[in-house]
Amino acid sequence: MICSTNATKYFDSLCAVDHVSAEIQTGSVFGLIGSNGAGKSTFLRMLSGILKPDEGSITIDDEEIFENVPLKNRCFYISDEQFFFSGITPLELQKHYSLYYPSFDKERYKKLMNAFELDEKRKIRTFSKGMKKQVSVIMGLCSGAEYLFCDETFDGLDPVARQAVKSLFAEDIAERGITPIIASHNLRELEDICDHIGLLHRGGILFSRDLDDMKLGIHKVQVIWNKPFPESSLSGLDIIHKDRRGSLYTLTVRGTRDEVQNAISQTEPTFFELLPLSLEEIFISETEVIGYDIKSLLL
Amino acid sequence: MTSNRSFFKLQRELIRRNLILPVLSGVGFFFALPLFTLMMLQNQISMRTHLPESEVKDYISSIASEQLLSDMYPGAKLGIIIMASLAAFMLFRYLHSGKQVDFFHSLPISRGNLFVQLYLTGFMSVIPFYVIMYFAAVVCAVAVGAGLYITAGLIFKTLAVNIVYFLLFYSLAILAVILSGNTFISACIYAILNFAIPVTALVIDGLCRLALDTYISSSTLSYIASNVFPIASYFDNSNNIRTIDMLAATFIVSIVLFVLNKVLFTIRKSERAGSALSFYKTKSPLKCYLTLMCGYGFMFLFMAISGYSWRYIGIFFGVILAHAVFEALYNFDIRSLLKNWKTMIALLVVAFGLLAFLKADIISYDKKIPNEANISGVSFNVSYPNGGYNGYLNTFNDLTDAKNISTILKLAEYGVNNLDNVMYNEDYVANMDITSSEPYNNDSIDIYYTLKNGKKMSRRYYVPVTDEYIGYLDDIIFTEEFVKNQSNSIFDFPIDKLIGAEIDIRTQAATSSDISGTVIDKNKATEIIKTLREESLTLTKEQAQTEIPVLRLDIDVRYIDSEEGYSTGSSIQYVPVYSTYTKTLALIDEYADVTPEPLTVDNVASMDISIYDIITSDKLSAETRQKIEALFTDDSEGRTVHIDDVNIMSKILENAMLDEVSNSTHPVFKFGNRYPFSIQVNFKNNTQSNLVYPDGKFPLELLVNIVLGNQ
């Protein structure tokens, strides 16, 4: 299990990650989402032992990750801005990684290179952005690492490759119990693969919870009343967003399905319907609550 | 990554990933060593085809062993410095790129281990190729017959010196790369690391010289400036770098730098890639230090270009410019030039304040004279007023006699009482009229104290030349202790360690071109020198003031001067032998068959009397001046009267001595000077010399009569 306890990172006077506490269970797929500059990459670099927290701690299986070589042997970091040695080929890169990761699976590497139709003797600098990402993912999957730290890994991959990578992750989770931690803006991608989500905003974590729980705990309700909005009757509900178009109210409400349904029914609406929220809508709702409102940015 | 196998595998992989380094090393050292050796030696051989083969072989062997294959060969040194710097920057420059830092620091390898791996990669990418190419050069030299003096010792020493200095420059360059997050700034830091210590020493020394009237350049600062300067000490071909101590010290410094680099590399924050400095706490101290240095540097520059009065303007521009550059670099923004302007003003105040503080001499530096009870020894440097060739006086050992210490303190007190001397005024000195007699009425004396607590102290005083001053000097220079410790004298070498000696003897009648006799036997020469030492102690002040030495000696000695057995040579010229030194004269007569011979007309063919500055001379009456002027109507300088009359020449030679003989007189000897005539003697053997006379013996009347045709 990865455990972040009050992890904090300053860049000069800027607090990039502000006392973030979160737990990531082994075997889960953790999606790290957040607004621009929220500190996702910084947090991920702390989790993978590149950066040392200025305050707090990052542990994996109760051991500090920073400068812990045996532990880092079980981790692989796939950067958003990948670095490859000048003139290196995938084959040479595989040999390079094999020196650091003794359990590097060379057979699987060959298999995956063939599957993705990548020439292992071609210089990586001649590859497209997506192909470079594929090479990195292949290296990560074949390294034998249990924890994969992926920063915007799906960015640049075509839909087929994206789907293939997701399948590979799923396969490794099932077979080897790996734990991918994926930072991304593409919430639809995460929605497909992640079972746990951490939402970062301005350096601090807003929440970290199971995706299903999250979806069950927040609902979108469309309601029509033939009377004014029954504010007093709905005071028991945690309405985090309210929108009105004509007589149609759209509410985003926290609570179980039954709680919400009962509370709305008691106000005798003309029409009401409970709709599921996408991860993107949850993200917008949650960040809007703490003042990150796209509409206010546009106005 | 802990097993040896993995270690070497990774080492090999890192070398492969930085293949440019071994390629450059191989090619570079190939050109600098075997190829250049072959080219040079072949060229030397082709230029000496007319000489016997053995002579040619001896010559090219000397070139090979003393230049091309020695630790003095600049080509290899240049290669070592370039490759050390290049290796450090190429291997550790990843610290300046966030992308690369993420890659390397995410790998399962500790920072300490990664540092060692990268450090060894640099070493293994350069040194093996240097060693291989060096041996290839040795083979080339032997192949063309230049291997006569190539020994295992030579090879070992050359390799050791170059490898140790590689480690030093490599470590310095790595330190520069680690300290910054930007390659350009790292290059600047690398330059600063190389030059900071000597430049600081020079600036401190310069400031003290400028602000303190009696300051003498500190020998410690001078040593630091010339030796704690890696590039200078590497290219310095004197004995320094070849001593084992110096090499060991350089090696230890390299090891210390290695450890420091490893610690800094380990604690360096990964996120500092791209920032000006990796360790923020060093930002302000570095900026303040370098801004002040730059301020004073500009001060010296402005003073050198436009004079002393421009010193404050130099500081002003230096501080502002340096501070602005630092702010722009620290912020990577040209618009930040005037950021932190308050610090800039504070630094200006500090720079001006420090200079003003020193100049005000609040600590009474110039007036300070140590307590006599605290002094264990003294020495001094002085040019005896009108002291001639032997007039520069100093000692190679401290004087410890209480009387001499007391006299030195009186000299110091005399110096302190004259701190208002015009020579302390920089504006006066800068605009000094060199034709004025003022500067010549003043003298400078350097006094060095060794205190009983082991500390050293020194002062330089500008003093008026008075009888009091000369009296103090005379009180010292005729003491036995001074004579026995006088530098550049016959006492200034260990006579019991002589391995060779030669004495050239000249009489009063011999010019510099003639040698009256020579003693080359070491034992005989030693006996003469020992006897001369004894008799030198009997010379009295009165004798020294009036007596002309009957012989003068040029003594060359070679002696062992170190425990390692290295030899050194000394050459002492114009050593006087007076007529009272009977034992010395007897030995010279016995071993060289030379006896004193006065200057007589017998060997003289003719004389030329030249006339100068008749109008301004105060030695002649107005009537005489007019008469002489009337004889020479043209303005040419060739106002010369030629004479060859034996009787007249004989009269002119009475009391005269040759110019060369005057060089052997004691500094206190009184000459007659400022006469408007000079006399050149033309000897029969076609040599020439000028005549010099003791005070009051110049034949002025005779010469006037000769010139006017009355003789």
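If you're wondering where the values come from, they're calculated on a predicted model, not measured in any experiment. Here is how names work: the chains are called A, B, and so on, in the same order as the sequence lines, proteins then strands, and each is numbered from 1.
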### Neighbour count >12 (heavy atoms, 6.0 Å) for atom CG, N114(A)
yes
### Query
Looking at side-chain heavy atoms only, is the closest gap between Y100(A) and I109(B) below 4.5 Å?
yes
### Query
Do other residues, nucleotides or ligands put more than 12 heavy atoms under 6.0 Å from K287(B) NZ?
yes
### Task
Below 4.5 Å from any heavy atom of chain B, which atoms of E67(A) appear? Answer side chain, backbone, both or neither.
side chain
#### Entry: Closest contact, heavy atoms only, R111(B) versus G49(A)
NH2-O, 4.1 Å
### Query
Does atom CZ of F332(B) have more than 12 heavy-atom neighbours from other groups under 6.0 Å away?
yes
### Query
Can you tell me if NZ on K339(B) sees more than 12 non-hydrogen neighbours from other groups inside 6.0 Å?
no
### Message
Nearest 0.5 Å, please: how far is CZ in F103(B) from CD1 in I50(A)?
### Response
11.0 Å
#### Entry: Among R17(B), Q100(B), H105(B), residue most engaged with chain A (heavy-atom pairs, under 4.5 Å)
R17(B)
#### Entry: R45(A) versus D102(B), closest heavy-atom pair with distance
NE-OD1, 3.1 Å
### Message
Nearest 0.5 Å, please: how far is CZ in R16(B) from CD1 in I88(A)?
### Response
10.0 Å
## Note on the structure
One should read off an interatomic distance between C75(A) SG and L107(B) CG, to the nearest 0.5 angstrom, of 12.0 Å
### Query
Heavy-atom distance under 4.5 Å to chain B: side chain of F76(A), backbone, both or neither?
neither
### Task
Assess whether atom OH of Y289(B) is packed by more than 12 heavy atoms of other residues, nucleotides or ligands within 6.0 Å.
yes
### Side chain / backbone / both / neither for D54(A) at chain B, heavy atoms under 4.5 Å
side chain
### Task
Assess whether atom CD of E81(A) is packed by more than 12 heavy atoms of other residues, nucleotides or ligands within 6.0 Å.
no
### Message
Within the supplied structure, the quantity of interest is the number of heavy atoms (other residues, nucleotides, ligands) at a distance under 6.0 Å from I334(B) CD1; does it exceed 12?
### Response
no
### Task
Counting only heavy atoms closer than 4.5 Å, note whether K95(A) contacts chain B via side chain, backbone, both or neither.
neither
### Query
Is it the case that more than 12 heavy atoms not belonging to R122(A) sit under 6.0 Å from its CZ atom?
yes
## Note on the structure
Among residues 266-283 of chain B, residues within the sub-4.5 Å heavy-atom range of chain A, in order of number, are T266(B), K269(B), S270(B), E271(B), Y280(B)
### Summary
Looking only at F85(A), F149(A), Y97(A), Y77(A), most heavy-atom pairs under 4.5 Å shared with chain B are made by F85(A)
